[in-house]
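Read through the structure below, which is laid out as structure tokens, and then see the notes.
Order of the sequence lines sets the chain letters (A, B, ...), proteins ahead of strands, with each chain counted from 1.
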Protein chains: 2
Amino acid sequence: MAATLRDVARRAGVSIKTVSNVVHEREYVRDTTRAVVRAAIDELGYQPNLSARSLRSGRTGVIGLAVPEVKLPYFAELADSVIAAAKARGLTVLIEQTGADLDTERELLRSPRLQLTDGLIFSPLAMSQTDVGLLAVDYPLVILGERIFDTPCDHVAMDNLAAARAATEHLIAAGCRRIAAVGAHAGEDLGSAALRLRGYRAALEAAGIAYDERLVGYVGLWHRHDGAAAMSELLERDLGIDGVFGMNDTLALGALRALGEAGHRVPEDVKLIGFDGLDETRYASPSLSTIDPGRVEIARTAVRVLHERIDERVSGAKRAPSVRYTTDYELIERESTRGSGIRL
Amino acid sequence: MAATLRDVARRAGVSIKTVSNVVHEREYVRDTTRAVVRAAIDELGYQPNLSARSLRSGRTGVIGLAVPEVKLPYFAELADSVIAAAKARGLTVLIEQTGADLDTERELLRSPRLQLTDGLIFSPLAMSQTDVGLLAVDYPLVILGERIFDTPCDHVAMDNLAAARAATEHLIAAGCRRIAAVGAHAGEDLGSAALRLRGYRAALEAAGIAYDERLVGYVGLWHRHDGAAAMSELLERDLGIDGVFGMNDTLALGALRALGEAGHRVPEDVKLIGFDGLDETRYASPSLSTIDPGRVEIARTAVRVLHERIDERVSGAKRAPSVRYTTDYELIERESTRGSGIRL
DNA sequence: TTGAAAGCGCTAACAC
DNA sequence: GTGTTAGCGCTTTCAA
């Protein structure tokens, strides 16, 4: 059996409290006592029982991260950044997948599994204004994504609209006039897809290019095959497409494949830009221009805000007003939008 | 404050035990009583306190998954599969990253954070024979990867050697004679890289092709840029390479990029095969031939075995002997190894 | 600076 | 079928 505080105390000939003080590196322990206790801890290989500690203290040291799917490259990289940021604060991360399913997202917020968690970082995809009430939970919650609802939650997001606009303007500056947008979600008007589509439209409008609904490719999820399928369908319409805005990199890479299959050269015939700044965009052929949303900063900020909320809650301090953080993005220009077809 | 069992009991006018029986859906509860208790649970919004439950029962319902990096696509997909398999059994997954660092891997096995966990699925990368003793831990542990050491742990793996051999034989059958291997680890002789290199050599030998050390590309990690860099270096040696075995898909996709930059067409000039069956290999241009290692089955088996060990431990049953599961692989032929350059 | 003791919420004997 | 009760290992007043 694993050694307990009591065992260590007995072994060291002191009380349980003293051992606890040593474990927590509190002052007011005589050096000699501390040494004896330390020795006993080592001999017994004592490790605190985290279940007991959290039962008593009300904290588990674990935070939840809920994303649609970890295997989507954007969320894999996000998870990586969140885990790193959490580790730096001594927190562990428990990952939940929602599958971008509305019911799963709803249930998640009330899931008993969250009991094991001090707070949650949630990247919703399916929820809409109707579900805003569900976000009023009694544990610390940080939402990744625009502050689309009026809720008491903290939000951390990039400026999707401005970034999408910048991406589209980049295509326009490269000479494109018939620009397709791949990745729209039918009926959505608050999520990332909707905001990015709005940014796309804003750029067109500012450039005096008419918005053509036929140039918008709708998809279900943001997988590669969705991008490829939507692109193929758009190409079949024969609309003279000379530029493509992929609403994320995965879609754009799928679209790249479809463009190649249909005999269109990128960037000579069609220029293409993605969104997310995935590592792999660097290694595509041609390499893919994209928007770097500052994922590391998003993760770090979300973890910090959540951690502050957790402390606030435990210490009983009064709740600071909820905040919205917007991180900076950056446009990365690569081969897929170069004027000439020359490779790096 | 959250409602407790006691609160529910009081509200329903029954004892704590009865409530517990209802919560656990045990028999021997009168239907009318059950209804009353259920109503009280709903009214109070009662949720069991998982910390208390695990302190008492010694189980947390959480399993750990330790991988080098979740953002490496293979591990992202593996994590996805493990999370799905765990969910099917009512288990939650806590992800630990080792960064492929030896010290981190060693520490992980003794980490107090594992206290929150009933058992661990561990995909080691840096550990070697020297560290075999560390695997003798007192909690359920399933190793992903070959049973390279003689340990009391269960192992779940594919047959790396046979699969690598099959991949190489596929290149040979396609007419390649100067086949490079990208992704070897210097000094390793037990891990996946070493086994796959052995498979590669076995295939060459069986075909009567001399092994040429200069055709082997060494890398640190298995990232895209490692594959690209190693490939570039190999090409500079001007060895007449006509085939490339990427030890995983990510490396192969990096190599694909480097081949393109150097003006080599795939598959016309050089044929290329990867390893892992990543979803994205389907959408590369050209699409990448690869080995599907049966990731879903690996994940499902690992979770099942771990779950059995956990039950065994809790029930006090005697420990069944440790096992090794080998899953089936499958070679997926795509454009990158086609005889002609015709696209699908 | 250290010790004693209460209790976090739950499970599982054991009693009725 | 249902109730009582003793801890699981820890934190934390309060007292010494």
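Distances shorter than 4.0 Å separate none of the side-chain N or O atoms of S51(A) from OP1 or OP2 on dG9(D).
Taking atom CG on L55(A) and atom P on dA6(C), their separation rounds to 17 Å, with Å as the unit. Residue I41(A) contributes atom CD1, which lies 14 Å from atom C1' of dG9(D) at whole-angstrom precision. Look at CZ on R10(B): it is 15 Å from C1' on dG3(D), rounded to the nearest Å. Note: CG (N21(B)) to C1' (dG1(D)) measures 9 Å, nearest angstrom.
Across all strands shown, S54(A) has no heavy atoms under 4.0 Å from either base or sugar-phosphate atoms.
Note on residues 36-49 of chain B: pairs passing side-chain hydrogen bond (donor to acceptor under 3.5 Å, both in side chains), not counting sequence neighbours, are R11(B)-E43(B). Pairs passing the side-chain hydrogen bond (donor to acceptor under 3.5 Å, both in side chains) check and including a residue from residues 64-79 of chain B, sequence neighbours excluded, read E69(B)-H223(B), E77(B)-R295(B).
With sequence neighbours excluded, the residues satisfying side-chain contact (heavy atoms from CB on, under 4.5 Å) with V62(A) are T60(A), T92(A), L94(A), T117(A), L116(B). Applying the side-chain contact (heavy atoms from CB on, under 4.5 Å) criterion to V296(B), with sequence neighbours excluded, gives S81(B), R300(B).
The existence of a salt bridge linking D154(B) and R304(B) is excluded, since no basic side-chain nitrogen approaches an acidic carboxylate oxygen closer than 4.0 Å.
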Query raised in the report: Can you give one letter per nucleotide of nucleotides 10-16 of chain C, going 5' to 3': B for a protein heavy atom under 4.0 Å from the base, S for sugar-phosphate only, - for none?
Result: BBBB---
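Between the axis at the start and the axis at the end of the helix from dT1(C)-dA16(D) to dC16(C)-dG1(D) there is an angle of 30°, using five pairs per end and rounding to 10 degrees.
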